[in-house]
Amino acid sequence: MLGLVRGNIYYNLMNWYRCLATIPVGVDKGKFMETMMGVKQTLDPALERELGAISATEPQYSIGTKIRVLVSMLHKIYTLDGLVASFFENFNHHYAHARSIDFFSLSIQEQSAWIRKLHRDVTSKWETPILNDTYVMLFFGMLKKLVGQYLHLDSDKAQSLQNDLLCGQGDVESTEPTKMLMRIAAQVDASAAPVRKWFLENQQDVIARVLNLSEHTICAHIELFLDKYGFRCINELKLEESTLYDQPDFVIESIAGYVRTKSYSIDAMEERELAIRHQAEATINSTLNPVKRAFFNWVLWHARRGVRHRENMRFARTKLFGLFRELWRAYGANLVKLGLLQDRQDAFYLTQDELYAFADGRSVTNDIAGLVALRKHEYDEYRKGVSPPERFMTRGAAGLFMHYPQILGDLNMLRQLELDAAADPQVLRGTPCCPGVVEGVVRVAVTINETKNLSGEILVTARTDPGWVPLYPLCSGLLIERGSLLSHSAVVARELGLPTIVGISGGLMKRLKTGMRVRIDAAKGEVRILDDTDSGSNVVAAAVNVSGKDTQAPDVLVGDSTTRKRRSNSRSRSSNEDEEDGASKRSQSPARGKSPARGKSPARGESKKSK
């Protein structure tokens with residue numbers, strides 16, 4: 001299902017389409033999956049003929065088999081809440097136990113046993129999130145289709161209305177860390193003038209007090225935040241990244257930014273989102289007859305439930321990765337003590353199987369440091385070399401193409417689409433996510449370090465992940481080069497009411513520079529460049545027409561996806577995303593899961609970077 005290409009994880013889309021063909025349900029499963037993944041180039045008949053007829057491999061089920069499968073699916077749908085509750089009961093039990101353990105005090109054998117234990121007790125019981133992803137894919141796709149059919153809207157207007165119906169979801173745990181920081185900011189701003197001034201002007205002192213467990217009220221609240229969410233970091237699914245525990249300055253800076261911009265009213269944010277949602281619901285209720293309305297609301301209820309469960313279980317995955325991160329660091333610390341590595345972070349260049357083999361006495365090499373040096377060199381070359389395209393097709397031994405990045409570039413299947421999207425030098429188009437019209441200057445950020453002192457600009461980036469969410473209240477708009485409507489960025493942006501466009505084609509990161517002035521219509525998915533020079537000013541963008549209901553969305557294809565840096569987890573599906581949501585395009589270190597030597601790359605088929 002996945003391939004490793006020059007440090008990047010790719011979906012083998014042909015196998016994903018074939019997998020969907022095994023589901024005997026007469027709906028547009030392929031298109032639903034494309035919407036969920038954010039595929040730019042759909043599998044149209046011409047492309048299907050070029051890639052090979054997928055339908056030829058579709059299983060032929062008897063009527064009895066189709067009925068049994070359909071009944072089984074319906075049963076799982078109606079018992080989904082119970083399955084999710086059981087999942088969290090198991091997860092929370094093992095997570096609480098693991099958090100009580102000091103992994104750095106364990107021996108290598110004990111650390112290896114804990115890695116195996118977490119896989120056995122937690123990751124091997126990940127069926128419910130996978131089931132829920134399928135459930136979300138089907139009902140999210142059905143909702144989009146019904147909006148277009150029942151209200152006689154084109155795909156773009158249907159997509160905009162669908163987004164509005166999913167606003168103000170509530171009960172999404174992944175938004176709670178940001179809301180907790182906003183509550184702390186409100187307390188800081190309401191404090192006596194000397195306290196407020198101290199917090200804003202002496203951030204290093206604040207950090208020192210927090211790290212020393214000061215009993216100062218504000219510091220105590222930040223300490224509580226770090227205790228609950230300190231495992232979080234930028235590029236959360238990359239185990240080698242520094243966490244908020246390691247660098248609490250990001251937390252302090254975010255709170256200070258909320259205070260300076262007065263961006264901490266959770267009630268106002270939620271009221272704005274509910275207003276958008278209620279307007280969309282009023283449109284449905286006033287347009288559909290009772291029969292259609294009942295069926296539509298049934299599909300809508302299931303789509304909302306699935307999206308909520310998906311975000312909450314993805315947050316559980318983030319917590320789990322926090323545990324694995326600490327285990328790898330602790331394992332690396334022991335290897336440093338033994339004189340086998342120079343830095344505990346070097347352990348992230350070893351695969352999980354190699355760590356097991358060392359502890360078990362079956363390692364194929366004793367030169368662990370040499371192995372790390374080899375992989376560091378290899379990934380340095382990847383960073384310096386030509387970036388692989390987002391989507392390409394290989395035939396024969398796929399591994400052969402990895403040695404020739406220029407040939408991979410020639411296989412780019414999205415080249416014409418990218419050229420067409422760049423035809424108008426003043427306009428960029430993407431996928432509407434959360435409505436709103438905003439005019440202001442942009443802050444282009446390749447990394448999180450380029451977002452310091454963000455104060456109302458429109459944030460522009462290639463990809464985001466949950467670690468970027470604390471920045472959202474400091475933005476007036478969000479433009480993301482990659483991603484889909486179900487990526488983490490899209491879901492949280494809708495929850496926070498931030499005008500957002502994802503999957504923007506035409507070279508967003510190349511055409512926009514910090515300080516340029518743009519006007520975005522997030523309901524249309526349109527970015528219009530007003531001033532193509534760097535103004536050098538830090539102008540707070542002004543939001544206009546939050547509902548964005550008076551305009552029509554453009555004819556666009558959903559953005560393909562982002563590339564996740566390699567990371568450790570025995571599960572092969574790296575797109576639980578998006579999604580999340582995405583990490584940086586260039587990998588920093590190899591995975592700690594399956595060894596690259598053993599990973600299966602697609603022998604033939606189409607590849608697409610995973611979110």
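Predicted model, so just to flag it, every value in this text is computed and none were measured.
- Ion pairing of Arg517 with Glu439 is present here, as a side-chain N (NZ or NE/NH1/NH2) and a carboxylate O approach within less than 4.0 Å.
- Here Arg329 pairs with Glu326 in a salt bridge; the nearest charged N to carboxylate O distance falls below 4.0 Å.
- Atom OG1 of Thr461 sits about 6.0 Å away from atom CG of Leu459, to the nearest 0.5 Å.
- Taking the side chain as every heavy atom from C-beta outward, Glu450 and Val444 never approach each other to under 4.5 Å.
- Between the side chain of Asp521 and the main chain of Val437, no donor-acceptor pair closer than 3.5 Å is present.
- Between Tyr349 atom OH and Glu378 atom CD the span is 11.0 Å, to the nearest 0.5 Å.
- In this structure the side chain of Met269 reaches within 4.5 angstrom of the side chain of Lys179, judged on heavy atoms.
- Nearest heavy atom pair, residue Ala522 against residue Pro432, reads O-CB, 3.2 Å.
- Side-chain atoms of Glu526 never come within 3.5 Å of backbone atoms of Val427 as a donor-acceptor pair (strictly under, hydrogens ignored).
- What you find for Leu181 and Ser254 is that their closest heavy atoms are CD1-CB, 4.4 Å.
- Between Val147 and Lys144, every side-chain heavy-atom pair lies at or beyond the 4.5 Å cut-off.
- Taking each heavy atom of Ser476 and Leu498 in turn, the nearest pair found is C-CD1, 3.8 Å.
- Residues Phe140 and Leu166 form a side-chain contact, since some pair of their non-hydrogen atoms from C-beta on lies under 4.5 Å apart.
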Problem set entry | side chain to side chain contact (heavy atoms under 4.5 Å, CB included) assessment of Val492 paired with Tyr472 | CA-CA 9 Å; Val492 175; Tyr472 288 9; 4.1 Å; yes
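- Here the side chain of Arg277 pairs a donor or acceptor atom with the backbone of Cys167 at under 3.5 angstrom.
- Expressed to the nearest 0.5 Å, how far CG of Leu327 lies from CZ of Phe321 amounts to 13.0 Å.
- The two residues Gly306 and Tyr135 make their nearest non-hydrogen contact at CA-CE2, 3.5 Å.
- The distance from the NZ atom of Lys238 to the CZ atom of Phe348 is 9.5 Å, given to the nearest 0.5 Å.
- Remark: Ile266 CD1 to Leu496 CG distance equals 9.5 Å, nearest 0.5 Å.
- A donor-acceptor contact shorter than 3.5 Å is absent between the side chain of Ser263 and the backbone of Leu474.
- Closest non-hydrogen pair, Cys233 versus Ser242, comes out as CB-O, 2.9 Å.
- Looking at Arg443, its side chain does come within 3.5 Å of a backbone N or O of Lys452 through a donor-acceptor pair.
- In this structure, Leu143 and Arg304 have side chains that are not in contact, with every pair of non-hydrogen atoms separated by 4.5 Å or more.
- Using a 4.5 Å cut-off on side-chain heavy atoms (C-beta onward), Trp468 and Thr451 make contact.
- Remark: the Asp246 side chain and the Thr243 side chain contain an N/O donor-acceptor pair separated by less than 3.5 Å.
- One distance of note links CG of Leu471 with CD of Glu457; it measures 11.0 Å at 0.5 Å rounding.
- The backbone N or O of Ile529 lies less than 3.5 Å from a partner atom in the side chain of Gln426, making a donor-acceptor pair.
- Side chain of Thr261 to main chain of Ser455: no donor-acceptor pair is present (N/O by atom type, distance under 3.5 Å, no hydrogens or angles).
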For this session: Show your reasoning for whether side chain to side chain contact (heavy atoms under 4.5 Å, CB included) applies to Leu226 and Leu244.
Result: CA-CA 7 Å; Leu226 291 175; Leu244 297 180; 4.0 Å; yes
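- No side-chain heavy atom of Val460 sits less than 4.5 Å from a side-chain heavy atom of Val518.
- Of all heavy-atom pairs between Leu350 and Arg375, the closest is CA-NH1, 3.8 Å.
- Ring orientation note: the planes of Phe87 and Phe91 are close to parallel, at an angle under 30° on the 30°/60° scale.
- The backbone N or O of Leu239 lies less than 3.5 Å from a partner atom in the side chain of Arg325, making a donor-acceptor pair.
- Two residues are said to be in side-chain contact when any heavy atoms from C-beta on lie closer than 4.5 Å; Pro177 and Phe315 meet this criterion.
- In this structure, Tyr258 contributes its side chain and Pro470 its backbone to a donor-acceptor pair below 3.5 Å.
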